[in-house]
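Some notes on the structure that comes next.
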Amino acid sequence: MTRWGMVIDLDRCTGCGACEVACKSENNIATVAPDQADMGRAFAWMRVMTEVTGDFPNTTMRFMPRPCMHCDNPPCVQVCPVGATYINPEGIVGQIYPRCIGCRYCANACPYTVKYFNWFVPKWPASERAHLNPDVSLRPKGVIEKCTFCDHRLQRAREDARAEGRDLREEDYQPACAEVCPTGAIVFGDLENPRHRVQALKGDARAMRLMESLGTEPKVYYLVPRA
Amino acid sequence: MRPEIAAKLEQLPPDEQVLLRPLVHTTSRFYIAAGILGAIVLWGITAYVLQWRYGLGRTGLNRPEYWGIYIIDFVFFIGISHAGTLISAILRVSKAEWRRSITRSAEFITVLVLGFGAINPIIDLGRPDRLLNVFFHPHLRSPLLWDIMSICLYFTASTIYLYIPMIPDLAIVRDAGIKAPWFYRLLAAGYQDTPTQRARLERVIGVLAILVIPIAVSVHTIIGWIFAMTLRPMWHSTIFGPYFVMGAIYSGIAAILIAMVILRRAYGLGQYFKPVHFDYMGRLLLLFSLLWFYFTFAEYLTAFYGKEPAEMRTFWAKVAGPFAVPFWLMVICCFVIPLALMVRRSMRTPRGTLIAGIAVVIGMWLERFNIVVPTSVNPRWELESLGHYLPSWVELSILAGTFAGFVLLYMVATKFFPIVSIWEIKEGREESVRQVSERVGGYLPEPVAPSGGGH
């Protein structure tokens with residue numbers, strides 16, 4: 001059974017932010033005015049979080065790219081009153097925009113705070129508006145949106161593989177963030193498939209998941225830095 | 001008041017003269033108050049139209065502060081609604097005779113405030129136009145859905161529980177012929193106060209009074225569960241169900257007291273809301289201030305003692321952080337003021353209970369604020385910047401509008417329905433005095449004839 005998941009090697013992450021940018025353009029993420037962003041209304045399905053430790057001048061900066069964890073036990077799916085947030089049989093947690101009533105219960109239930117709400121009608125600068133991705137639906141105002149592991153790419157990859165009469169390979173389906181990562185820190189694939197790199201990497205001694213003790217069973221693994 | 005109606009009113013027995021007077025006589029102060037409240041309601045509606053048009057961005061909400069004033073008001077109003085039905089049902093079931101003059105005004109609070117409670121989560125929706133999706137695509141594992149079901153059931157039950165005991169009074173208004181005869185003829189449903197009808201009525205009331213108690217308890221338990229079922233620090237707690245029920249009854253008692261003081265003053269009901277009523281209700285308030293302290297202490301001590309980091313962030317934010325002012329104000333309003341006042345008999349008067357009641361209502365609003373906001377701005381997963389929340393004028397206008405709307409509706413209701421139950425007062429005079437002395441006699445041991453053959 002396929003279970004899509006991700007392994008992020010924090011030793012390789014340079015904090016360049018390419019994943020964040022790639023995600024924004026791939027998924028038609030709206031642009032938010034600076035004053036609204038200051039209020040905490042910006043969107044970042046993938047977000048490179050930073051942490052500074054130590055006192056100047058001996059400071060270290062650590063980076064952590066944070067997508068949706070696509071939990072096997074997703075608290076957001078549990079609480080949605082209309083089933084607009086769902087988990088599909090391959091483990092991807094998605095959002096049905098036309099059904100969502102905008103109660104934001106899922107956003108409150110998510111321990112990783114990865115769900116984003118459309119406070120206004122989403123907007124893009126004219127230059128971007130012309131290049132929106134036709135594979136990803138635009139969200140109306142008043143609904144929740146979130147990282148989907150770019151599952152629109154999976155649909156296309158499946159169709160291509162079927163047309164060519166072969167099985168789906170790891171490189172056929174990669175979310176935008178993994179595809180663009182210049183250091184290969186983000187590895188994506190089927191956690192159950194031995195031919196996919198993530199299957200071995202998730203068993204690495206450095207592998208951990210966020211807040212494992214909550215029992216949410218995230219499918220995003222992190223390889224913690226060696227030093 | 002037209003002279004022929006005044007003449008009709010004068011022919012009625014004294015109780016009915018006093019209690020039906022508000023139905024036919026309206027002072028200019030009533031119109032002024034209603035005008036002001038109506039203007040506030042319109043202002044609130046305007047604010048909502050703006051929010052509907054432009055989106056929830058018009059509020060101060062953000063990520064991670066997804067829920068704010070609307071959800072606080074939702075919990076608060078539904079809490080107040082426990083005034084009537086629960087208090088009145090408990091007093092009825094326990095045969096507390098002093099209830100007779102206060103049940104009706106309490107039951108009206110329940111039914112009227114429930115609507116304002118239920119409307120708040122709808123105002124809070126990003127897509128109110130898709131509200132019916134909860135029926136088209138119900139996901140039964142969501143506590144929000146349990147809540148919709150229990151509120152609907154509660155609204156139905158409490159409306160019936162308000163209406164059935166009012167039928168004899170509606171028949172009295174119909175027979176007095178002082179106001180809109182067709183309206184009261186319809187509502188009185190052919191009630192003629194025959195012994196059979198009266199016996200059936202009392203039976204139904206007896207069954208309803210027992211039925212509404214578990215329904216009322218379920219409503220606020222489930223509202224507590226909406227929070228408790230998430231993994232959020234200081235929400236995920238088993239105490240929330242009972243804590244919410246207790247708090248709801250507490251704010252409900254306070255609301256009844258405020259309503260009693262105002263009604264007494266506005267309609268000259270000093271003979272019906274007597275010092276003894278304020279004394280007893282004051283004692284109930286005292287009991288609940290102690291219960292409130294017990295629950296709150298238990299909740300905070302448990303969080304504090306465990307020292308789980310995520311819980312502690314919220315804990316310190318409340319106790320000694322950015323939310324210290326609302327937190328300690330809540331403790332003063334919910335515990336210090338009511339306890340200090342209600343423990344003294346000389347303060348269990350209309351004036352004293354009014355002060356304590358207002359303090360408790362404010363304190364219970366703050367309690368809901370302290371539950372919703374500090375946990376929201378302190379998510380388990382720390383964000384780049386600290387969460388913050390400043391309600392916008394749209395939220396505050398809607399807050400004012402819903403409060404004014406409730407008071408206005410309540411005022412209007414007193415113009416159509418006797419706010420003190422006439423028939424229950426009459427029944428109290430005619431029968432209960434005798435029944436109660438018989439009942440008390442029944443509690444005592446039978447007088448034993450001195451027996452000769454004892455040891």
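All chains are named by letter (A, B, ...) in the order of the sequence lines, taking the proteins before the strands, and each is independently numbered beginning at 1. A quick note: this is a predicted structure, and the numbers were derived from the prediction, not measured.
Taking 4.5 Å as the limit, some side-chain heavy atom of B/W381 sits within range of a side-chain heavy atom of A/M49. Residues B/V134 and A/I101 are in side-chain contact: their nearest non-hydrogen atoms beyond the backbone lie under 4.5 Å apart. Residues A/Y105 and B/T230 have side chains in contact (heavy-atom distance under 4.5 Å, counting atoms from C-beta outward). Inter-residue side-chain proximity for B/F136 and A/V82 is flagged as unmet; no heavy-atom pair is nearer than 4.5 Å.
Distance check, rounded to the nearest 0.5 Å: SG of A/C103 to CD1 of B/I71 gives 8.5 Å. Atom-to-atom distance recorded for B/R58:CZ and A/F120:CZ is 6.0 Å, nearest 0.5 angstrom. Separation of atoms CG (A/L210) and CZ (B/R380) is listed at 12.5 Å; rounding is to 0.5 Å.
For B/L140, no part lies under 4.5 angstrom from a heavy atom of chain A. A/M39 touches chain B through backbone and side chain together, each having a heavy atom under 4.5 Å away. Looking at B/R232, the atoms closer than 4.5 Å to chain A (heavy atoms on both sides) all sit in the side chain, from C-beta outward. Residue contact with chain A, scored on non-hydrogen atoms closer than 4.5 Å, involves the side chain of B/H388 exclusively. If you measure heavy-atom distances from B/T375 to chain A, you find no contacts under 4.5 Å at all. For B/W235, the part lying under 4.5 angstrom from a heavy atom of chain A is the side chain only. Heavy-atom distances place both the backbone and the side chain of B/I226 under 4.5 Å from chain A.
The local environment of CH2 in A/W124 is crowded, with over 12 non-hydrogen atoms from other residues, nucleotides or ligands closer than 6.0 Å.
Not one N or O on the side chain of B/H137 forms a donor-acceptor pair closer than 3.5 Å with the backbone of A/G83. Under the 3.5 Å distance criterion, the side-chain polar atoms of A/R104 are matched with a main-chain donor or acceptor of B/D124. Looking at B/R63, its side chain does come within 3.5 Å of a backbone N or O of A/T113 through a donor-acceptor pair. In this structure a side-chain-to-backbone donor-acceptor pair under 3.5 Å is present from B/R130 to A/C100. The closest donor-acceptor contact from the side chain of A/K141 to the backbone of B/R53 lies under 3.5 Å.
Taking each heavy atom of A/P140 and B/R127 in turn, the nearest pair found is CB-NH1, 3.6 Å. The nearest pair of heavy atoms linking B/L231 to A/P111 is CD1-CG, 4.4 Å. Summarising the geometry of B/L144 relative to A/P81, their closest heavy-atom pair is CD2-CG, 3.7 Å, with the distance given to 0.1 Å.
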